[in-house]
There are 2 protein chains.
Amino acid sequence: MQERIAQIKQYIQEKGEVKLTELEALLPGVSSMTLRRDLQKLEEMGVAVRTKGGAKSISHLSRIKEELYATRTLENMAEKTAIAKKALGCIEEDRSIFLDSGTTVMCLAQFLDSQKLFITTSSPNIALECIKNPNATVNAIGGSLSRENLSFSGITALNFLDNINIDIAFMAASGFSMKNGFTGGDFNECEIKKRVIEKASKVIVLMDSSKLGKNLPFTFAKPGDIDTLISDDRFPKDIIRQLGRGGKRTVL
Amino acid sequence: MQERIAQIKQYIQEKGEVKLTELEALLPGVSSMTLRRDLQKLEEMGVAVRTKGGAKSISHLSRIKEELYATRTLENMAEKTAIAKKALGCIEEDRSIFLDSGTTVMCLAQFLDSQKLFITTSSPNIALECIKNPNATVNAIGGSLSRENLSFSGITALNFLDNINIDIAFMAASGFSMKNGFTGGDFNECEIKKRVIEKASKVIVLMDSSKLGKNLPFTFAKPGDIDTLISDDRFPKDIIRQLGRGGKRTVL
DNA sequence: ACCCCTGATGTTAAATTATAACACAATCAT
DNA sequence: ATGATTGTGTTATAATTTAACATCAGGGGT
């Protein structure tokens with residue numbers, strides 16, 4: 001029973017919400033009344049809210065609230081989760097890592113449950129997520145908060161970066177093409193990204209394949225500036241080959 | 001209609017949740033179908049989640065989640081809301097204000113819906129709350145994020161403060177006594193508070209009466225350092241008199 | 001071993017709530 | 001003026017939740 005509830009919990013956390021009919025299909029031997037009671041328990045535990053016909057993850061709701069400015073949260077959720085899980089494999093303990101702002105990176109942050117890490121981030125959301133990890137030391141760069149992408153930027157943020165060292169930077173990109181490289185829509189944010197990439201020993205870009213072929217006004221990195229690109233399996237093979245020629249590792 | 005939805009929104013924000021029957025009683029001339037549709041809009045706006053029989057405020061849910069480690073949220077909620085509303089009266093538009101971290105200040109932040117303001121804060125939570133106000137420019141001081149009080153502190157945070165000007169600082173205190181003044185439990189956080197108070201033209205402390213008589217290790221302000229104290233009506237009259245002799249204004 | 005208790009689960013009927021479809025009035029730009 | 005749009009109310013229908021009861025398995029205590 002404990003186990004079934006844990007399973008439901010995980011399902012909700014990953015999908016954001018669940019319908020009762022879904023759960024019935026997922027757990028055939030269990031009556032709907034029991035599933036209802038399980039959701040009730042999850043509600044009492046503060047994990048989810050029950051809605052008509054199911055339940056929603058409270059963590060997700062907070063993120064939706066915070067990221068309403070663009071309906072990016074639930075979009076490509078499965079891909080983002082998959083990418084985040086792969087990125088997890090690149091992290092060693094006791095390192096200094098930088099987490100860029102963005103939903104994919106947020107997914108990664110959620111998986112950093114108990115690793116001993118020094119985390120610096122440009123996102124207040126991600127900072128709050130990381131602070132739940134009792135073994136992490138969390139820093140945020142501060143500065144002006146952009147309504148658009150909920151990230152900090154500006155001069156003071158740049159100065160902050162001068163005072164820290166970064167082993168691995170996990171970066172997000174809004175667009176990518178071989179010609180223009182990794183691009184973003186906000187000048188100040190891209191200045192931050194550039195500085196982070198300069199300072200980091202290793203740069204990993206997390207990007208789902210939907211960003212491919214899109215060009216945004218500001219380039220923050222050329223393909224040659226990064227070490228690894230992590231994406232989903234819809235990522236075209238020929239681009240992987242092109243990147244590979246430059247010694248880049250691409251993980252799908 | 002816009003007005004009715006705003007009213008419902010405020011009601012939800014204050015109470016955390018509503019039942020449809022409550023709304024029907026509250027707004028007699030309106031059909032339940034319309035109220036349902038209003039809740040639906042609030043859900044689309046990211047303000048609330050609809051539950052069976054009503055809706056819950058997403059902000060409340062997030063706070064429950066984020067502050068599970070310390071059950072401070074719902075404690076003295078009524079007092080905190082009352083204090084925040086009084087503080088609202090001290091704010092003029094087009095000013096630079098500082099918002100300290102803390103649940104009472106968070107309540108205030110939630111009321112800053114559309115005022116044109118320059119907001120600087122030491123709390124990632126409050127920054128995220130304030131960014132919802134389309135007319136606010138939001139800055140956060142950045143630095144090391146404390147797990148204890150979810151606030152930024154450290155050298156870089158102090159440096160940040162040197163570069164900004166503050167008209168009014170809204171500060172929170174964990175303890176107060178006439179002898180030791182306003183106190184807090186974290187050294188770094190109190191250093192930040194001290195610097196803010198130095199820089200601010202006007203200092204307003206928001207503190208519910210439960211903090212009275214408590215002394216925490218670090219004093220960040222003596223009674224003489226602040227301009228106004230806002231508290232609830234359980235605040236003892238003789239202390240108000242003592243503060244009044246120093247020219248302090250106390251609002252209950 | 002026995003019995004009674006407890007807690008988890010399943011089953012059903014009743015109550016509650018949500019939805020969909022339609023109708024109507026007010027507003028607004030062409 | 002008119003057609004479109006939007007907000008609203010009304011109803012019937014559908015869906016979901018609740019409550020109450022029945023069942024079953026395990027867990028002490030005598």
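Every chain is numbered from 1, with letters handed out A, B, ... down the list of sequences.
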Tell me which nucleotide among C/dT11, D/dT8, C/dT19 gets nearest to the side chain of A/Met33. C/dT11
Rounded off to whole Å, could you give me the CZ-to-P distance for the A/Arg37 and C/dG10 pair? 8 Å
Between atom CD1 in B/Ile5 and atom P in D/dT6, what is the gap in whole Å? 14 Å
Using a heavy-atom cut-off of 4.0 Å across all strands, would you classify B/Thr51 as base, sugar-phosphate, or nothing? sugar-phosphate
Cut-off 3.5 Å, side chains only: do B/Ser96 and B/Asn165 have a donor facing an acceptor? no
Whole angstrom is fine here: how far is it from CG in A/Leu23 over to C1' in C/dG10? 17 Å
Earlier contact from the 5' end, DNA chain D, for A/Leu20 and B/Arg4: B/Arg4
How many whole angstroms separate atom CD of A/Glu24 from atom C1' of C/dG10? 13 Å
What integer distance in Å separates A/Ile8:CD1 from C/dT9:C1'? 13 Å
Under a 3.5 Å cutoff, is there a donor and acceptor pairing between the side chains of B/Asn125 and B/Ser123? no
Given atom NZ of A/Lys52 and atom C1' of D/dA15, what is their separation to the nearest angstrom? 5 Å
Separation of D/dG9 C1' from B/Leu35 CG (nearest whole Å): 12 Å
Closest to side chain of A/Ser31, choosing from C/dT11, D/dT10, C/dT17: C/dT11
Do any side-chain nitrogens or oxygens of B/Arg50 fall under 4.0 Å of OP1 or OP2 in D/dT16? no
State, without any angle test, whether A/Ser101 and A/Glu189 hold a side-chain donor-acceptor pair at a distance under 3.5 Å. yes
Quick check on A/Lys9: does its NZ atom have over 12 non-hydrogen neighbours (other residues, nucleotides or ligands) under 6.0 Å away? no
How many whole angstroms separate atom CD of A/Gln40 from atom P of D/dT16? 17 Å
